[in-house]
**Q** 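Could you have a look at this structure, given as structure tokens, before my questions?
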Protein chains: 2
Amino acid sequence: MARSPTNIQNKASGRAGEAEETRLNILDVATLEFADKGLSGARIDEIAERTDASKRMIYYYFGSKEGLYRAVLERAYTAVREIDADNTRSDLAPDAALRDVVGATFDYHHQHPEFVRLVMNENILRGAHIGEIPGIRERNRKVVEQLRNILARGVASGHFREGIDPLELHMTISALCFYNVSNRYTVSYGFERDVTAPKILARRRGNVIDIVESWCRA
Amino acid sequence: MARSPTNIQNKASGRAGEAEETRLNILDVATLEFADKGLSGARIDEIAERTDASKRMIYYYFGSKEGLYRAVLERAYTAVREIDADNTRSDLAPDAALRDVVGATFDYHHQHPEFVRLVMNENILRGAHIGEIPGIRERNRKVVEQLRNILARGVASGHFREGIDPLELHMTISALCFYNVSNRYTVSYGFERDVTAPKILARRRGNVIDIVESWCRA
DNA sequence: ATTCTTGTGCTAACTATTTCGTACACTGAT
DNA sequence: ATCAGTGTACGAAATAGTTAGCACAAGAAT
């Protein structure tokens with residue numbers, strides 16, 4: 001029952017760097033596997049097989065299947081910061097800034113389906129693990145603050161109308177970008193249409209930007 | 001693990017209808033279970049336990065775990081027809097019709113989270129089973145045709161602008177309605193906000209309708 | 001310098017349990 | 001007596017997690 005440390009951060013001793021390398025390799029494989037099959041669908045044995053390490057190593061570093069899952073989720077959420085981290089967009093006009101945010105969000109989702117699938121899975125699990133990941137609150141807040149800023153500038157410049165809640169805007173953008181990837185296999189079932197085809201994707205991207213902008217426009 | 005002795009469930013009596021009753025009872029329980037945990041997360045034994053029947057019956061009627069899952073999915077998809085089946089909305093003005101469709105879609109998703117979760121799960125499975133469900137193609141087409149109709153009427157009456165693809169509109173509506181339920185546990189993590197609270201829900205509903213309308217408006 | 005000790009990184013084989021599915025016997029209505 | 005419907009107990013495979021211990025490097029003791 002005792003939770004194992006799992007914190008072994010190899011520095012100083014042993015074969016330098018080897019440990020971290022193994023850890024990351026496991027994390028990479030596990031990310032694909034969990035994104036592919038979900039927490040309950042993924043198999044530790046299979047992850048172990050695809051790794052350069054052995055099954056024992058997974059338990060050595062991550063303690064349990066859930067521990068591994070949490071580590072995977074945490075890394076994916078950390079990586080997602082690149083969307084907004086350095087992009088303050090304060091140099092852009094409000095409407096251009098908004099379009100830029102929406103476009104970047106759309107692209108990120110499209111380029112990282114494994115992240116989308118991990119989030120889907122986490123929602124299937126009713127967010128059981130998301131609370132344990134440090135920094136998510138801050139990240140979410142930051143995104144919303146950025147939107148609030150863009151909205152305020154837009155209202156001041158006459159581009160946008162008043163009364164739009166940044167959080168609602170955030171949900172709108174997320175929904176439009178997320179859904180395309182998350183529901184890829186069921187959405188337009190019955191139509192001759194591959195939602196990943198460049199042409200269709202580009203059109204959808206443009207539409208998503210338009211939708212958001214037309215809602216905000218004064 | 002001594003399970004309950006005898007689950008006497010039988011009222012005995014006429015076979016007529018009893019079989020179907022058992023079948024439906026299994027289907028009900030399985031729907032909740034699959035929606036809750038997904039295909040790989042759900043446990044046949046647990047489903048059996050919560051049923052008025054026994055595990056044997058599940059295999060008797062549905063053959064396998066996947067067979068049961070498929071039956072569950074099929075029924076959920078059949079049930080969803082109620083959104084649009086009789087609602088042609090031809091009596092409404094185009095803009096009112098659109099608002100009505102969006103509102104009804106929003107409500108349906110909110111009222112049937114188990115359907116949303118089944119669809120999420122099916123997407124995790126990369127739509128492995130959706131193809132085997134008869135009538136989905138037609139249903140999807142019908143929805144899109146209804147939107148095409150509304151759009152055409154709206155363009156004619158000057159309410160809507162030209163050039164909106166009904167399929168894109170459908171995706172937009174679905175995305176905005178689906179996401180609220182599907183990503184309930186991760187969306188606004190970090191905000192003091194319960195996305196199921198009546199007030200917040202009503203506001204979101206209004207916004208979703210506005211978003212769609214403002215995009216279509218001439 | 002050589003040996004002893006210690007701790008990390010790691011492997012292979014094993015265990016205990018879970019879990020899907022089945023064999024078989026039974027029951028009551030027609 | 002037949003047969004759809006049913007319960008109980010079990011089998012076989014899969015699967016999460018563990019046990020026991022080896023290899024190697026670096027520092028301490030000799």
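Quick note: numbers below take in every heavy atom, side chains included, and nothing from hydrogens, waters or symmetry partners. Throughout, protein chains are lettered first and strands after them, A, B, ... in sequence-line order, and every chain is numbered starting at 1.
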**Q** For Asn123(A), give me all partners under side-chain hydrogen bond (donor to acceptor under 3.5 Å, both in side chains), at least two apart in sequence or on another chain.
**A** Thr186(B)
**Q** Examine distances only and state if a side-chain atom of Glu122(B) and a backbone atom of Ile130(B) form a donor-acceptor pair shorter than 3.5 Å.
**A** yes
**Q** Could you tell me how far apart Glu49(B) (CD) and dC20(C) (C1') are, to the nearest whole angstrom?
**A** 15 Å
**Q** How would you list, by chain and number, every residue that makes a side-chain hydrogen bond (donor to acceptor under 3.5 Å, both in side chains) with Glu132(A), sequence neighbours excluded?
**A** Arg70(A)
**Q** Expressed in angstrom and rounded to an integer, what is the separation of Glu66(B) atom CD from dT19(C) atom P?
**A** 17 Å
**Q** State which residues pass ring-ring contact (aromatic ring centres under 6.0 Å, His included) with Tyr179(B); sequence neighbours excluded, sorted by chain then number.
**A** Phe178(A)
**Q** Which residues, if any, of residues 37-45 of chain B bring a heavy atom under 4.0 Å of DNA chain D?
**A** none
**Q** Can you tabulate the close N/O pairs, meaning under 3.5 Å, that link protein atoms to atoms of nucleotides 11-15 of chain C?
**A**
| unit_1 | atom_1 | unit_2 | atom_2 | d |
| --- | --- | --- | --- | --- |
| dT11(C) | OP2 | Ser54(A) | N | 3.1 |
| dT11(C) | OP2 | Ser54(A) | OG | 3.1 |

**Q** Quick one: Leu68(A) CG to dG17(D) C1', roughly how many Å, whole number?
**A** 13 Å
**Q** Expressed in angstrom and rounded to an integer, what is the separation of Tyr59(B) atom OH from dC10(D) atom P?
**A** 18 Å
**Q** Going by the rule side-chain hydrogen bond (donor to acceptor under 3.5 Å, both in side chains), which residues pair with Asn207(A) if we only count those two or more places apart in sequence or in a different chain?
**A** Glu168(B)
**Q** Who pairs with His129(A) by ring-ring contact (aromatic ring centres under 6.0 Å, His included), at least two apart in sequence or on another chain?
**A** Tyr69(A)
**Q** Among residues at least two apart in sequence or on other chains, which ones pass side-chain contact (heavy atoms from CB on, under 4.5 Å) with Leu32(B)?
**A** none
**Q** List for me each residue that meets side-chain contact (heavy atoms from CB on, under 4.5 Å) alongside Ser64(B), sequence neighbours excluded, and say none if there are none.
**A** Glu66(B)
**Q** Could you state the CD-P distance from Glu33(A) to dA16(D), rounded to the nearest angstrom?
**A** 10 Å
**Q** Thinking salt bridges, do Arg148(B) and Asp165(B) make one under a 4.0 Å N-O criterion?
**A** no
**Q** What integer distance in Å separates Ile26(B):CD1 from dT6(D):C1'?
**A** 11 Å
**Q** Enter the inter-axis angle for the ends of the helix from dA1(C)-dT30(D) to dT30(C)-dA1(D) (five pairs per end, rounded to 10°).
**A** 20°
**Q** Sequence neighbours left out, what pairs pass salt bridge (Lys or Arg N to Asp or Glu O under 4.0 Å) with at least one residue falling in residues 26-44 of chain A?
**A** Asp28(A)-Arg75(A), Glu33(A)-Lys37(A), Glu33(A)-Arg50(A), Asp36(A)-Arg126(B), Lys37(A)-Glu46(A)
**Q** Would you mind telling me which of dT6(D), dT8(C), dA16(D) lies closest to the side-chain atoms of Tyr60(A)?
**A** dT8(C)
**Q** What is the separation between atom NZ on Lys65(A) and atom P on dA14(D), rounded to the nearest whole Å?
**A** 15 Å
**Q** Once ring-ring contact (aromatic ring centres under 6.0 Å, His included) is applied, do any residues pair with Tyr185(A), and if so which ones, sequence neighbours excluded?
**A** none
**Q** When the distance from CG of Asn25(A) to C1' of dC10(C) is rounded to whole Å, what number comes out?
**A** 14 Å
